[in-house]
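Some notes on the structure that comes next.
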There are 2 protein chains.
Amino acid sequence: MHSSEQIPHPVIRRLPKYLVHVQELREEGVEWASSQEIADALGLTSSTVRQDLSHMELRGISKKGYETSQLEAVLRQVLGADIMHHVVIIGAGHLGRALAEHGAFARRGFEICGLFDRDEDLIGKMYGNAEVMSIDDLATQVGKVKIDIGIIAVPSSAAQQVAEMLVDAGVKAILNLAYKHIQVPSHVTVVDARIMESLQELAYALGKKKEVSRG
Amino acid sequence: MHSSEQIPHPVIRRLPKYLVHVQELREEGVEWASSQEIADALGLTSSTVRQDLSHMELRGISKKGYETSQLEAVLRQVLGADIMHHVVIIGAGHLGRALAEHGAFARRGFEICGLFDRDEDLIGKMYGNAEVMSIDDLATQVGKVKIDIGIIAVPSSAAQQVAEMLVDAGVKAILNLAYKHIQVPSHVTVVDARIMESLQELAYALGKKKEVSRG
DNA sequence: ATGGTATTGATAATTTTTTGACAAAACCTT
DNA sequence: AAGGTTTTGTCAAAAAATTATCAATACCAT
Ligand SMILES: NC(=O)c1ccc[n+]([C@@H]2O[C@H](COP(=O)([O-])OP(=O)(O)OC[C@H]3O[C@@H](n4cnc5c(N)ncnc54)[C@H](O)[C@@H]3O)[C@@H](O)[C@H]2O)c1
Ligand SMILES: NC(=O)c1ccc[n+]([C@@H]2O[C@H](COP(=O)([O-])OP(=O)(O)OC[C@H]3O[C@@H](n4cnc5c(N)ncnc54)[C@H](O)[C@@H]3O)[C@@H](O)[C@H]2O)c1
């Protein structure tokens with residue numbers, strides 16, 4: 001219930017799902033949502049939903065549930081959607097450009113402040129609101145405006161090196177899109193967002209299904 | 001130890017990390033890896049590594065560890081990297097195009113067999129090896145070659161509708177990149193790979209750090 | 001206003017996951 | 001060839017996460 005307590009990791013990973021859902025509900029004009037409704041919509045149990053929301057600064061009301069406006073507000077606050085985070089993307093390849101041109105980030109509190117590459121031919125080009133800068137200028141650029149999050153969108157072979165550059169520049173949170181585990185000091189948080197891993201998870205599920213259907 | 005047993009979900013999510021690591025080791029010419037070495041490299045405990053690998057069809061050897069070639073082989077097999085999966089991408093926008101042009105998927109057993117969009121202007125364009133086709137032709141195209149996996153790369157507002165088209169076309173596994181929970185029948189597996197959620201996870205970690213440093 | 005009822009918040013039970021511990025295995029050195 | 005040592009595989013313990021349960025709450029219909 002207190003914001004200073006540590007929220008368990010599995011809960012943190014579900015919070016964005018609650019936020020998406022409650023935003024949809026509000027768009028539909030729904031003002032109250034019970035734990036059961038939320039659970040059904042997201043494939044959870046109502047008990048899990050209530051446990052999870054007990055970590056938020058919010059109380060539900062008997063017979064009505066949780067007020068959607070209030071729920072959205074606390075979720076946005078916990079997930080940092082209310083304050084603007086400054087983000088740099090390293091790697092202006094296919095994926096880096098797609099991210100830079102993706103408008104939805106700014107609406108959720110993530111402003112792309114820089115896009116860096118080592119390829120001279122790319123430098124100066126604009127993608128979204130970001131101009132490609134030389135990777136050699138990373139340190140000086142990051143010095144100008146405090147950068148919260150670095151996104152690694154370079155080939156796996158360069159991922160560790162880029163991670164170290166980000167750490168040296170003082171970045172405390174890294175989103176790693178490369179298919180490679182990166183080592184960082186313990187004061188830096190890394191989250192991997194690997195599409196390949198998700199595909200492999202699906203491939204495992206498909207393999208299991210085939211086995212089961214064979215008997 | 002038997003391939004027919006159900007491997008726990010947390011284990012499945014770690015397997016791709018082991019695969020990445022063991023492939024790197026092999027490239028370096030390393031032939032044996034102990035659970036401790038693997039644990040150190042990936043930020044786990046050696047106990048967890050041994051537990052996880054006990055689900056694979058493989059045995060380590062005292063004083064040497066696991067043979068990297070064998071480990072890679074069983075991981076590839078479990079994660080479906082040995083057989084080719086047929087994949088379609090729905091949505092030829094920034095993200096869909098980046099995926100279509102991403103060469104690494106084919107090397108891991110995922111062949112992009114189709115790229116679909118509803119925008120007439122995009123139809124016929126080539127991205128990677130895939131030509132953009134009309135979403136209206138999804139059913140007939142999927143009929144021609146058995147599609148294993150569908151990737152949703154359309155705006156959130158269209159995600160549910162696209163999911164239903166994929167299900168109707170007989171697709172059994174869906175990778176959802178849209179920031180929206182989709183509902184599918186229970187025989188279909190969905191994995192969400194949402195970059196936004198990963199960023200929000202980082203934002204939470206940053207918020208916590210700030211709190212702690214304030215005392 | 002009152003009573004029936006749906007839904008919360010809290011606690012307890014259960015299940016799952018992670019970690020610890022150690023005998024057995026088999027390597028390597030001498 | 002034997003002994004010391006490292007590392008596995010397994011089992012047990014601990015920790016964490018999920019689910020079930022239920023008294024308390026406060027809504028809503030009458
Ligand atoms: N494209 C996808 O759909 C996709 C999906 C999942 C993961 N990924 C991963 O994301 C990463 C980028 O993928 P991509 O498709 O954009 O690759 P890409 O080859 O299109 O782009 C990589 C970019 O990084 C730049 N680069 C290389 N080394 C650098 C360095 N040391 N410093 C700065 N810039 C450097 C290159 O010049 C290039 O512009 C890869 O690790 C890839 O595996 C990509
Ligand atoms: N671009 C990113 O970096 C990024 C990152 C994370 C998540 N996403 C998510 O991925 C999805 C796609 O993002 P994007 O940046 O590629 O968007 P985009 O607007 O560039 O592309 C979306 C494409 O989908 C097509 N489309 C829309 N409705 C369709 C339908 N019913 N059937 C077929 N095609 C349809 C559009 O014509 C368009 O070409 C979004 O849900 C977005 O939130 C994108």
Side-chain angles (χ1 to χ4, degrees), chain A residues 1-3 5-18 21-22 25 30-71 74-75 78 201 204-205 208, chain B residues 1-3 5-18 21-22 25 30-72 74-75 78 186 201 204-205 208:
Chain A
M1 192 68 80
H2 284 77
S3 69
E5 107 194 58
Q6 181 65 23
I7 301 176
H9 206 251
V11 178
I12 294 298
R13 286 201 310 258
R14 282 191 294 270
L15 295 186
K17 298 186 201 299
Y18 294 131
H21 182 62
V22 77
L25 289 176
V30 178
E31 289 180 11
W32 296 90
S34 71
S35 56
Q36 188 64 61
E37 281 165 347
I38 296 171
D40 291 345
L42 301 182
L44 305 167
T45 67
S46 66
S47 201
T48 300
V49 172
R50 288 201 301 281
Q51 283 281 27
D52 287 355
L53 297 188
S54 75
H55 296 282
M56 307 287 105
E57 300 269 358
L58 146 112
R59 293 189 69 88
I61 291 182
S62 285
K63 209 130 180 215
K64 300 188 92 173
Y66 301 88
E67 199 175 358
T68 53
S69 62
Q70 209 187 340
L71 181 52
V74 294
L75 287 170
V78 172
E201 206 177 316
Y204 170 77
K208 271 291 136 204
Chain B
M1 193 67 80
H2 284 78
S3 69
E5 106 193 58
Q6 181 65 24
I7 300 177
H9 205 251
V11 178
I12 294 298
R13 287 202 309 257
R14 281 190 294 269
L15 295 185
K17 298 185 201 299
Y18 295 132
H21 182 62
V22 77
L25 289 176
V30 178
E31 290 180 11
W32 295 90
S34 72
S35 57
Q36 188 64 60
E37 281 165 348
I38 297 171
D40 290 345
L42 301 182
L44 304 168
T45 68
S46 66
S47 199
T48 299
V49 173
R50 287 202 301 281
Q51 279 285 24
D52 286 357
L53 297 188
S54 75
H55 296 283
M56 307 287 104
E57 300 268 0
L58 147 113
R59 294 188 70 87
I61 290 183
S62 285
K63 205 123 186 233
K64 301 189 91 174
Y66 302 88
E67 200 176 358
T68 53
S69 62
Q70 209 188 340
L71 182 52
E72 180 181 359
V74 295
L75 287 170
V78 172
S186 62
E201 208 177 314
Y204 170 78
K208 269 291 136 207

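All chains are named by letter (A, B, ...) in the order of the sequence lines, taking the proteins before the strands, and each is independently numbered beginning at 1.
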Looking at [N], I'd like to know if its phosphate oxygens (OP1 or OP2) sit under 4.0 Å from a side-chain N or O belonging to [X].
| X | N | result |
| --- | --- | --- |
| A:S35 | C:dT8 | yes |
| A:R50 | C:dT8 | yes |
| B:T48 | C:dT19 | yes |

Supply the atom-to-atom distance A:S47 OG to A:D52 CG, rounded to the nearest 0.5 angstrom. 9.5 Å
To the nearest Å, how far apart are [X] [atom1] and [N] [atom2]?
| X | N | atom1 | atom2 | value |
| --- | --- | --- | --- | --- |
| B:Y66 | D:dT7 | OH | C1' | 9 Å |
| A:L15 | D:dA17 | CG | C1' | 15 Å |
| B:L53 | D:dG9 | CG | C1' | 11 Å |
| B:I7 | C:dT17 | CD1 | C1' | 15 Å |
| A:R13 | C:dT17 | CZ | P | 12 Å |
| B:Q36 | C:dT19 | CD | P | 12 Å |
| B:E67 | D:dT7 | CD | P | 16 Å |
| A:H9 | D:dA15 | NE2 | C1' | 17 Å |

With B:Y66, the side chain to side chain contact (heavy atoms under 4.5 Å, CB included) member among B:R59, B:R50, B:E37: B:R50
Knowing that exactly one of A:L71, A:T48, A:V22 qualifies, which makes a side chain to side chain contact (heavy atoms under 4.5 Å, CB included) with A:I38? A:L71
Any donor-acceptor pair under 3.5 Å joining the side chain of B:Q51 to the base of C:dT19? yes
Using the closest heavy atom to pick a nucleotide of DNA chain D for each, name whichever of A:K63 or A:L44 lands nearer the 5' end. A:L44
Give me the atom names and distance for the closest heavy-atom approach of B:A39 to B:S46. CB-N, 3.5 Å
Of C:dC27, D:dC27, D:dT8, the nucleotide closest to the side chain of B:I61 is C:dC27
What nucleotide among C:dC28, D:dT7, D:dA17 has an atom nearest to a side-chain atom of B:K64? C:dC28
Could you say whether A:S62 or A:S47 is positioned toward the 5' end of DNA chain C, judged by the nucleotide with the nearest heavy atom to each? A:S62
If we ignore hydrogens and angles and just use 3.5 Å, is the side chain of A:Y204 paired with the main-chain N or O of B:I7 as donor and acceptor? yes
